[in-house]
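Convention: sequence-line order gives letters A, B, ...; per-chain numbering from 1.
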2 protein chains.
Amino acid sequence: MIVRQAANVLEIMEFFAQAKKPATLAEIADHFGWPRSSTFNLLATLSEKGYLYEPRPRAGFYPTPRWLAMARMISEVEPLPPWTHTLVADLSAETGETASIVAPAGVMAVFIDVVESKAAIRYFATIGHRVPIHATASGRALLLQYSQEERDSVYRKIEFKQYGPSTPISIEAVEAELRNSIARGYCQSFGDYSRDLAGAAIPLPIGDRRLSVVVAGPEFRIGPKVADVAALIARTVERLRPKTTAA
Amino acid sequence: MIVRQAANVLEIMEFFAQAKKPATLAEIADHFGWPRSSTFNLLATLSEKGYLYEPRPRAGFYPTPRWLAMARMISEVEPLPPWTHTLVADLSAETGETASIVAPAGVMAVFIDVVESKAAIRYFATIGHRVPIHATASGRALLLQYSQEERDSVYRKIEFKQYGPSTPISIEAVEAELRNSIARGYCQSFGDYSRDLAGAAIPLPIGDRRLSVVVAGPEFRIGPKVADVAALIARTVERLRPKTTAA
DNA sequence: GGAAACTGTACATATATGTGAATTTTAATG
DNA sequence: CATTAAAATTCACATATATGTACAGTTTCC
């Protein structure tokens, strides 16, 4: 069950992140098509908790810096090492495509760092974006780091859907693709989940965290050079990852 | 009316900001005393929206960097000029008390930047903290920047409560205190709102934004030297605020 | 200066939603 | 490996809550 008012809080914040200016109750209500009374209650709640204020008289509401303060506290814990951002930045620059760091979230994979392609036609993804773990290059690069038991446990929760012609729709199909990936040296996907979208990914374990790096873009651009892209990812990781004597 | 599930989202985030480590469904449910089923729904909603993930298998949930990304987008709009943070930092350092920048939010005043005192006994405030605009030094320093009509409009919405012996409990009492503040050259409060708490504040208009700076602490420490503290605030603002040729 | 238009607020009620109990899945222990 | 304990998940129902309606306050425009 989805908790509507919880989702609405997020929507409001996303609204402000886009609008980048204060908005009145009426504007917000109209934007979402919410009743004014409900909007009133929500805004009152957020204000009361110190997350919204009125920068200038009669100009409407805007989030307080409390969001930033809180987000900072949360994110200063085990932040990704700085080189991983360099990694995706470099990969995006060199390939001209969108590059991301991805982490597991149950049957899904979440983008936790993203540098977007600058091309007009590009893979549009943002931090927080989620994709099925079994039907994407990045997700499978995560699965490769799981034990067989852990994978089985994930498989049991997956609802296998035919997102596209090449979507693996059985446990065996996923396992087969994982074996192929190992043989090939990298994970790939050609519209397994999103139409026309192709990507190359490799596992990126950091400490005890299981992450992956992926470069993704339109099939017609990535397709011909997946292997090259994958090799580039591997080389770039090799170059940027600090050498530990322990390893 | 308070929107419970909206408030719960904020509570969860605050929980993570404090805990600074992943937490399982059960831990969160127990911490708040929520039913597990409800907690499940909430966590599922936040996960589905890309705001929570599972950093490692079976280790529980943690917020994704999406919060940070969103908070940054929101806060990069008209950020406070950097010198205002220096201002509160310097004031806190020199006085040993808590110093803050405050903004209006209807009948309340919100702290939008805070540097806390390091003393054991201190005014504990965080960004987002709210106090009544008419019963605090910082709030009155905001009211001083309003026109008479705007003040009247605010007064009509205030519920006058006797927070402490010196709380102004009528419009006339507030107006009188404002007149005193003008004569005195700064705003002050001695337990008007919080017992044992005293503070000195002055208006801090920035562009068309109406803000104020306040230094606050226990009455016994601040009391004897309010005037000095107020003078220090004024001098520090004078020193740090960039001189505009236009002004 | 008067009225129309708009924004924000209160409240009773129907309904969407949170919850307790039951079920399934996963981990721990001998 | 069998058994127990704990955690996660599902679901039907009573209840807390979102909303339609009505109203008050504020601004704008003629």
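- A distance of 6.5 Å separates OG1 of B:Thr39 from CH2 of B:Trp34, quoted to the nearest 0.5 Å.
- When the nearest nucleotides of DNA chain D are assigned to A:Pro35 and B:Val154 by heavy-atom distance, the more 5′-ward of the two goes with A:Pro35.
- Interatomic distance, CG of A:Leu42 versus OG of A:Ser37, reported as 11.0 Å (0.5 Å rounding).
- Picking from C:dT9, D:dT19, D:dA8 the nucleotide with the shortest atom distance to the side chain of B:Thr24 gives D:dA8.
- Atom P of nucleotide D:dA7 and atom CH2 of B:Trp34 are separated by 18 Å, given to the nearest angstrom.
- Atoms CG (A:Leu25) and P (C:dA5) sit 21 Å apart, rounded to a whole Å.
- Nearest nucleotide to the B:Arg36 side chain, out of D:dG25, C:dT9, D:dA7: D:dA7.
- Nearer the 5' end of DNA chain C, as judged by each residue's closest nucleotide, is the contact made by A:Asp30, out of A:Asp30 and A:Ile2.
- Residue B:Arg4 places its side chain closer to D:dT17 than to any other of D:dT19, D:dA8, D:dT17.
- Checking B:Glu150 against B:Ser147 by side-chain atom types alone, a donor-acceptor pair falls below 3.5 Å.
- Nucleotides of DNA chain D nearest to B:Val3 and B:Lys157 differ in position, and the one nearer the 5' end is that of B:Val3.
- The distance from atom CZ of B:Phe32 to atom P of C:dG18 is 16 Å, rounded to the nearest whole Å.
- If you check D:dA8, C:dT9, C:dT17 against the side chain of B:Ala26, the one that comes closest is D:dA8.
- Note: OH (A:Tyr146) to C1' (C:dT26) measures 16 Å, nearest angstrom.
- Rounded to whole Å, the distance from CD on B:Glu149 to C1' on D:dT27 is 13 Å.
- Between B:Gln5 and C:dG18 there is a side-chain polar atom (N or O) within less than 4.0 angstrom of OP1 or OP2.
- Atom CZ of A:Phe40 is separated from atom C1' of C:dG8 by 7 Å (rounded to the nearest Å).
- Of the candidates B:Leu204, B:Leu211, B:Ile133, B:Val131, B:Val131 is the only one forming a side chain to side chain contact (heavy atoms under 4.5 Å, CB included) with B:Ser138.
- Residue B:Thr167 holds its OG1 atom at 11.5 Å from CD of B:Glu177, rounded to the nearest 0.5 Å.
- With rounding to whole Å, A:Ile28 atom CD1 is found 16 Å from C:dC6 atom C1'.
- In this structure, of D:dA18, C:dG8, C:dT19, it is C:dT19 that holds the atom nearest to the side chain of B:Asn41.
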Under 3.5 Å, which donor-acceptor pairs link side chains of residues 4-11 of chain A to any protein atom two or more places apart or in another chain?
unit_1  : atom_1 : unit_2  : atom_2 : d
A:Gln5  : OE1    : A:Asn8  : ND2    : 2.8
A:Glu11 : OE2    : B:Lys49 : NZ     : 2.5

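- Of the candidate nucleotides D:dT17, C:dT26, C:dT9, C:dT26 has the atom nearest to the side chain of A:Ser153.
- Bending across the helix from C:dG1-D:dC30 to C:dG30-D:dC1, expressed as the angle between its end axes from five pairs apiece, amounts to 50° (10° rounding).
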Distance-only donor-acceptor hits, side chain of residues 153-166 of chain A, under 3.5 Å, sequence neighbours excluded:
unit_1   : atom_1 : unit_2   : atom_2 : d
A:Tyr155 : OH     : A:Glu175 : OE2    : 2.6
A:Ser166 : OG     : A:Phe190 : O      : 2.9
A:Ser166 : OG     : A:Asp192 : OD1    : 2.7

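- Two rings, from A:Phe61 and A:Tyr53, have their centers 6.0 Å or more apart.
- At whole-Å resolution of the value, CG in B:Asn8 and C1' in D:dA16 are 13 Å apart.
- The listed nucleotides are D:dA8, D:dG20, D:dA18; the one nearest the side chain of A:Ser37 is D:dG20.
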